[in-house]
Amino acid sequence: MAKSFKPVSLLVTGGAGFIGANFIHHVLQGNPGCRVINLDLLTYAGNLENLKGIEADPRYEFVKGDICDAELIAAILYREEIDAVVHFAAESHVDRSITGPEVFVRTNVLGTQVLLEECRKRWVSGSVADFRFLQVSTDEVYGSLGSSGLFTESTPLAANSPYSASKAGADLLVRAYHETYGFPALNTRCSNNYGPYQFPEKLIPLMIHNIIAQKPLPVYGDGLNVRDWLHVKDHSRAVEAVLKNGLPGGVYNVGGNNEWRNIDIVNLVCDILDKKLGRALGSSRKLITFVKDRPGHDRRYAIDASKMRKELGWEPSYTFEKGIDETIDWYLDNQEWVREVTSGAYRDYYENMYGER
Ligand code: NAD
Ligand code: TYD
């Protein structure tokens, strides 16, 4: 294997969101020689509470700002002598992209192009010896699978939602910057993540939150859509591996080899919480409410992560049993966090989706 790339001054975009925050915790723990600058606009999905405990670390700095702001990006790249960017910042929720696609195109497509261009300028200026740009993307760019088969890195892009289309657009810009300018960009495409600090509009934290509050559990359509679930800490390890040892220009699929039908996940979370909360087994399942399906709802996602395993020696470390149990405990122990992020704009969104219940 060629010599590893070792980032010294790392710009993380979207580091106040779910995966970005977990990644920053991970990097600061395992890389004593690395500084992290976190650029985040603090939209409804960004929360500085997710970074509690590391604000005092002299290797960490937070900048509030927009990835579409070219001047700000250029200033950070030079002032902080950035030599690597891990790009998480995005609008990330499919349901929101259906009701309001514009901001998805602005942030996910335009924002990625602005970042790429400012980074390319720094890279060609010769003021940095080596550089990496890692675009964190999703398996959703490949569209939907039938009951068999897996997404590989050569599966054609066939995005079906405004969210996944905007991520596919960004991925193609990343590819174009490598093909056209030789810019050292890499691309990961990961399956559904779960774990601490996930905003409770996504399936698993939404269900945990509603079960605790004894509110209805909205399952879309017949509940038989399949997702491949990966613990966010395993995703962080994968991103680090690609950043350090991935081949520039490469695409890397990341997945848990852990397929679940939505209804089975919801039943599982109900049963675990019944036990933990001392409720009669089966009582939370009674909260399940089948609701109108999401338009364009992809039926099945499943990742072939053999390239990650063979080229970078990466494999998931969590079993789902352990990961989901720890995750549920985290939400039970962090009710204050849940209360904080679900006040205000979240309440309006949720009531708009499902009505006051
Ligand atoms: P998230 O919605 O929890 O966080 C997104 C973060 O980006 C927030 O902190 C938000 O404030 C910030 N942000 C939004 N617009 C911005 C802008 N214009 N400028 C600066 N910051 C901005 O998302 P997440 O679930 O942590 O996902 C992170 C990335 O990983 C996304 O690119 C997503 O497409 C990708 N991804 C997510 C999953 C998943 O299961 N959640 C799976 C695969 C890939
Ligand atoms: P989600 O967490 O939004 O992730 P994605 O759509 O990016 O895969 O949803 C995961 C699955 O759960 C998806 O098939 C939609 C379904 N779902 C529900 O059935 N009910 C819900 O309230 C939510 C948020 C999702």
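Whatever order the structure lists them in is the order used to number ligands and atoms, beginning at 1. Counting from 1, the numbers follow the sequence of the chain as shown.
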Part of Asn192 within contact of ligand 2 (heavy atoms, under 4.0 Å): side chain
Salt bridge Glu259-Arg227, side-chain N to carboxylate O under 4.0 Å: no
His93, Glu140, Lys202, Arg294: member with heavy atom nearest to atom 6 (O) of ligand 2: Arg294
Inter- and intrachain pairs under salt bridge (Lys or Arg N to Asp or Glu O under 4.0 Å), touching residues 154-177, at least two apart: Asp171-Arg189
Within-cut-off N or O pair, Arg227 and ligand 2, under 3.5 Å: yes
Could you list the donor-acceptor pairs under 3.5 angstrom formed between side-chain atoms of residues 16-25 and any protein atom two or more places apart in sequence or on another chain?
residue : atom : partner : partner atom : Å
Asn22   : ND2  : Phe18   : O            : 2.8
Asn22   : ND2  : Pro196  : O            : 3.0
His25   : NE2  : Asn50   : O            : 2.8

Side chain, backbone, both or neither: Leu203 near ligand 2, heavy atoms under 4.0 Å: both
Side-chain (Ser343) to main-chain (Glu340) donor-acceptor, under 3.5 angstrom: yes
Parallel, tilted or perpendicular, as decided by the 30° and 60° cut-offs, for the rings of Trp337 and Tyr331: perpendicular
Those atoms of ligand 2 less than 4.0 Å from some heavy atom in Glu201: 24 (C)
Residue part near ligand 2, for Leu206, under 4.0 Å between non-hydrogen atoms: side chain
Within reach of ligand 2, part of His297 (heavy-atom separation under 4.0 Å): side chain
Numbering as shown, the atoms of ligand 2 that approach Val94 to under 4.0 Å (heavy-atom distance): 6 (O), 7 (O)
Residues in contact with ligand 1, criterion: heavy atom under 4.0 Å: Gly14, Ala16, Gly17, Phe18, Ile19, Asp40, Leu41, Leu42, Thr43, Ala45, Gly46, Gly65, Asp66, Ile67, Phe88, Ala89, Ala90, Ser92, Thr107, Val136, Ser137, Thr138, Tyr163, Lys167, Cys190, Ser191, Asn192, Asn193, Lys202
Under-4.0 Å salt bridge between Arg96 and Glu91: no
Any N or O of Asn225 closer than 3.5 Å to N or O of ligand 2: no
N/O donor-acceptor pair under 3.5 Å between Lys6 side chain and Cys34 backbone: no
Ligand 2 N/O within reach of Trp229 N/O, cut-off under 3.5 Å: no
Pairing residues for Tyr194 by the ring pair (Phe, Tyr, Trp, His ring centres under 6.0 Å) criterion, not counting sequence neighbours: His231, Phe320
Heavy-atom check, side chain of Ser191 versus side chain of Tyr301, under 4.5 Å: no
Under 4.0 Å to a heavy atom of Pro218 - the qualifying atoms of ligand 2, by number: 18 (C), 19 (O), 20 (N), 21 (C), 22 (O)
Donor-acceptor under 3.5 Å (Asn31 side chain, Val27 main chain): yes
Per-atom contacts, ligand 2 versus Val219 - under 4.0 Å to a heavy atom: 19 (O)
Parallel, tilted or perpendicular, as decided by the 30° and 60° cut-offs, for the rings of Phe131 and Phe183: tilted
Name of the residue among Ile76, Asp83, Val86 meeting side chain to side chain contact (heavy atoms under 4.5 Å, CB included) with Leu11: Ile76
